[in-house]
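A short worksheet on the structure shown next.
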Amino acid sequence: MTEFNSLEKIRLEKISELRDAGIEPYPTRAKRTHTAAQAIAEFEAAEKNASEGNPAVVNATLAGRIRATRSMGKLTFAHIEDGSGKIQLFLRVNEIGQERLSIFDRLLDIGDFIQAEGVMMRTRTGEITLHVHDYTLLAKAVSPLPASKDETLADGTVVRHAALEGQELRARQRYADLAVNPAVRETFRKRAKIVSSLRRFLDDHDFLEVETPILQPIYGGANAKPFTTYHNQLKQQLYLRISFELYLKRLLVGNLERVYEIGRDFRNEGVSYKHNPEFTQLEFYAAYADYLKVMELTEEMVAFACQEVNGTTRVMYQGQEIDFTPPWRRLEMRQGILDVTGIDISAAPDAESLAKAILAKGYNPPVNTTRGKLIDYLVGEYLEPTLIQPTFLYNYPRDISPLAKSIPGDPLTVERFEGYVAGFELCNAFTELNDPLDQEERFLQMGRDYTADEEEHNLLDEDYLRAMYYGMPPNGGFGMGVDRLTMLLTDKHSIREVLLFPHLRSDEQTQEGGEI
RNA sequence: GGUCGACUAGCUCAAUGGCAGAGCAACUGACUCUUAAUCAGUGGGUUGAGGGUUCAAGUCCCUCGUCGAUCACCA
């Protein structure tokens, strides 16, 4: 049972009072002829054509949410906000009568949805305003919206007072956050635009959008811990996917030459400002392409998304300008590590010799691990933070890349790159391994390497191998975190700011709602 | 998981260990061009939860919860 605070109880009483007065607080139908922005634009246009004795007349019915009211006895000003912005209402006893004005002043509140019809006008201070002849309550708000008021200073800047700023409340009650913070709505409009521009780019490059299973009997395609679930009737253990890779590459076996999927991945790991347990991934695979071709597609695609969303291929991110204009810098991993640490990984062909070289520099590498993980450590610790402008870091050690193809003549290195921007990983791609015998051996090797680390153990996907044995065209594959791209393009430091409903620990309210 | 910080009215924030406050929001009244409207008045609190020290705790100590920052983890 919902408990109400004193402010809410007052509003519940207002609902009864409205019903007693014959006013339905939640009518079924609404009407509107203009958005706020349309009404203002139309009135401005009409003013230009107006002349002496031929005034601008624009009739409009608007609908929106009350954001501020100023009652002056026989006059009331209010602002309502709809999807297009705010607009002022002007209600006067002359037109709507004492009783209707009094109901507006006494029984309507900030947060209520109303519709208002009237004639557009300009007030003495010049604000384009709807002179209301009649209004209708569309939906009464019981809980007060987190109050916030905008003050327009003399120089035109808008100062927001008492805005909803508590980060926890904003994330838990995103509906209230969205309702009172237009900038938050704008972020999510941008996010939608980013996703649609990625889709358009891939569609225009002959990619086919597909959907593959989220519930999988065997997880794979990435090194991450899965969420597990269970199908009762089939008595089957299932995993929520950690990547789309193995299913999308099955489709290449099926002669679908270019495929992509945008959807949710689930990883049962830590939560941080750049990790959410479920996140949106874009993966594509292109037959007859290699990782160099994928680099070109990547820089074009990201620059395209940036252009679509921000009107330019440059963006300010956390105080520094990022330039996505192709071509991006290409940095070979061996060279990059050599530049920042002075260690040449090609001179250390195994874990032992590499660990020795790292210790010789006075660093603290992880112990008892593989050569690949040592290289990963050097990259993560010393190289990544230096990669601010978009950079393709390429040529990775083979043993941390079980699905990538080796460079011809260099069995220790695979044709793989990661795209780094602002010091963090944006995307990951490689020339895909299409030799089934090699793939099977790599899976088995992974199994041996990680026997000690049960949780990171990759399951052997026999059906995927069976697909490969039918023959897979050479191809390049790509994966990118859409949330991270959105962070970059909207200048948000935390992934929570670009997720409508980020994962949060359950609070008291949600715990109460749970059935035991 | 470690470390540090935050949590006070619906919202944003104050309060040397000594009566828990302000602005906005709300309520009552005045006001026919206001715009953070103004003016007069009123109500509103288990100070995140629980324990402890003290004559006295929002404040000091302990435990817990949540959020944030950071580190670890994370292809």
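These figures come from a predicted structure and were not determined experimentally. Lettering follows sequence order; numbering is per chain, from 1.
Listed nucleotides B:A75, B:U32, B:A26 differ in distance to A:Ile110; the shortest reach to its side chain belongs to B:A26. Comparing B:A69, B:U32, B:C67 against the side chain of A:Leu504 picks out B:C67 as the nearest. Comparing B:A26, B:G10, B:U70 against the side chain of A:Asp109 picks out B:A26 as the nearest. Residue A:Thr123 has its side chain nearest to B:C33 when only B:U66, B:C33, B:A75 are considered. Minimum atom distance to the side chain of A:Asn428 is reached by B:A75, of the listed B:C31, B:A75, B:C27. Of the listed nucleotides (B:U32, B:G10, B:C67), B:C67 has the atom at the smallest distance from the side chain of A:Arg496. Taking only side-chain atoms of A:Met72, from C-beta outward, the nucleotide of B:C11, B:A75, B:C33 with the closest atom is B:C33. Taking the side chain of A:Glu418 as heavy atoms from C-beta on, and the options B:A75, B:U32, B:A69, the nearest nucleotide is B:A75. In this structure, the nucleotide among B:A75, B:C27, B:C33 sitting nearest to the side chain of A:Arg416 is B:A75. Of the listed nucleotides (B:G10, B:U34, B:U70), B:U70 has the atom at the smallest distance from the side chain of A:Tyr273.
For B:G1, the paired base is B:C71 (Watson-Crick or G-U wobble, both distances below 3.5 Å). Pair check for B:A14 finds none; no Watson-Crick or G-U wobble contact set falls under 3.5 Å. Base pairing annotation: B:C31 forms no Watson-Crick or G-U wobble pair, as no partner gives both donor-acceptor distances under 3.5 Å. If you check B:A36 for Watson-Crick or wobble pairing at under 3.5 angstrom, you find it has no partner at all. Figure legend. B:G65 is base-paired to B:C7; pairs are counted as Watson-Crick or G-U wobble with both atom distances under 3.5 Å.
Residues A:Thr212 and A:Glu261 bring a donor and an acceptor atom of their side chains to less than 3.5 Å of each other. In the model, A:Glu95 has a side-chain atom that pairs as donor or acceptor with a side-chain atom of A:His131 under 3.5 Å.
At a threshold of 4.0 angstrom between heavy atoms, the contacts of A:Leu169 are confined to the sugar-phosphate backbone, with no base atom among them. Counting non-hydrogen atoms under 4.0 angstrom, A:Ser71 reaches a base of the nucleic acid. A:Asp150 comes within 4.0 angstrom of the backbone, heavy atoms only, and of no base. Nucleic acid contact for A:Tyr396: none, since no nucleic acid atom lies under 4.0 Å from a heavy atom of the residue. A:Leu7 comes within 4.0 angstrom of a base, heavy atoms only. If you check every strand for non-hydrogen atoms under 4.0 Å, A:Arg11 touches nothing. Within 4.0 Å (heavy atoms only), A:Gln88 reaches at least one base atom of the nucleic acid. At the heavy-atom level, A:Val180 lies nowhere under 4.0 Å from the strands shown.
The nearest pair of heavy atoms linking A:Lys249 to A:Tyr464 is CE-OH, 3.0 Å. A:Leu91 approaches A:Val132 most closely through the heavy-atom pair CG-CB, 4.0 Å. Across every non-hydrogen atom of A:Phe266 and A:Ile242, the tightest pair is O-CG2, 3.3 Å. Of all heavy-atom pairs spanning A:Leu403 and A:Arg442, the tightest one is N-NH1, 4.4 Å.
Rounded to whole Å, the separation between the P atoms of B:C67 and B:G29 comes to 44 Å. Comparing the C1' positions of B:G43 and B:A26 gives a spacing of 9 Å, expressed to the nearest Å. Across the P atoms, B:G51 and B:A56 are found 16 Å apart, a figure rounded to whole Å. If you take atom P in B:C61 and the same atom in B:U16, they sit 16 Å apart, rounded to whole Å. Comparing B:C7 with B:G44, their P atoms sit 25 Å apart, to the nearest whole Å. Comparing B:G41 with B:C31, their C1' atoms sit 16 Å apart, to the nearest whole Å. For B:A49 and B:G65, the P atoms lie 15 Å apart once the distance is rounded to whole Å. B:U3 and B:G18 are spaced 35 Å apart, taking the C1' atom of each and rounding to whole Å.
Atom CG in A:Asp105 sits roughly 11 Å away from atom P in B:U28 (whole-Å rounding). To the nearest angstrom, P of B:A69 lies 12 Å from CD1 of A:Ile495. In this structure, CD of A:Glu168 is placed 12 Å from P of B:C11, rounded to the nearest angstrom. Nucleotide B:A25 holds its P atom 14 Å from the CD1 atom of A:Ile66, rounded to whole Å. Going from atom CG of A:Asn181 over to atom C1' of B:U12 covers 12 Å, rounded to whole Å. If you measure from atom NZ of A:Lys274 to atom P of B:U70, you get 10 Å, rounded to the nearest angstrom. One atom, CG of A:Leu101, and another, C1' of B:C33, lie 14 Å apart when rounded to the nearest Å. One atom, NE2 of A:His275, and another, C1' of B:C73, lie 9 Å apart when rounded to the nearest Å.
The residue among A:Thr69 and A:Arg484 whose nearest nucleotide of RNA chain B lies closer to the 5′ end is A:Thr69.
Residues A:Arg65 and A:Asp112 form no side-chain contact, since every pair of their non-hydrogen atoms from C-beta on lies 4.5 Å or further apart.
Panel note: side chain A:Arg11, backbone A:Lys140; no donor-acceptor pair is recorded below 3.5 Å.
Between A:Arg92 and B:C33 there is no side-chain polar atom (N or O) within less than 4.0 angstrom of OP1 or OP2. Note on A:Arg70: every side-chain N or O is 4.0 Å or more away from OP1 and OP2 of B:U34. Distances shown here put a side-chain N or O of A:Lys14 below 4.0 Å from the OP1 or OP2 atom of B:C27.
The aromatic ring centroids of A:Tyr382 and A:Tyr363 lie less than 6.0 Å from each other.
A donor-acceptor contact under 3.5 Å is not formed by the side chain of A:Glu127 with the base of B:U34.
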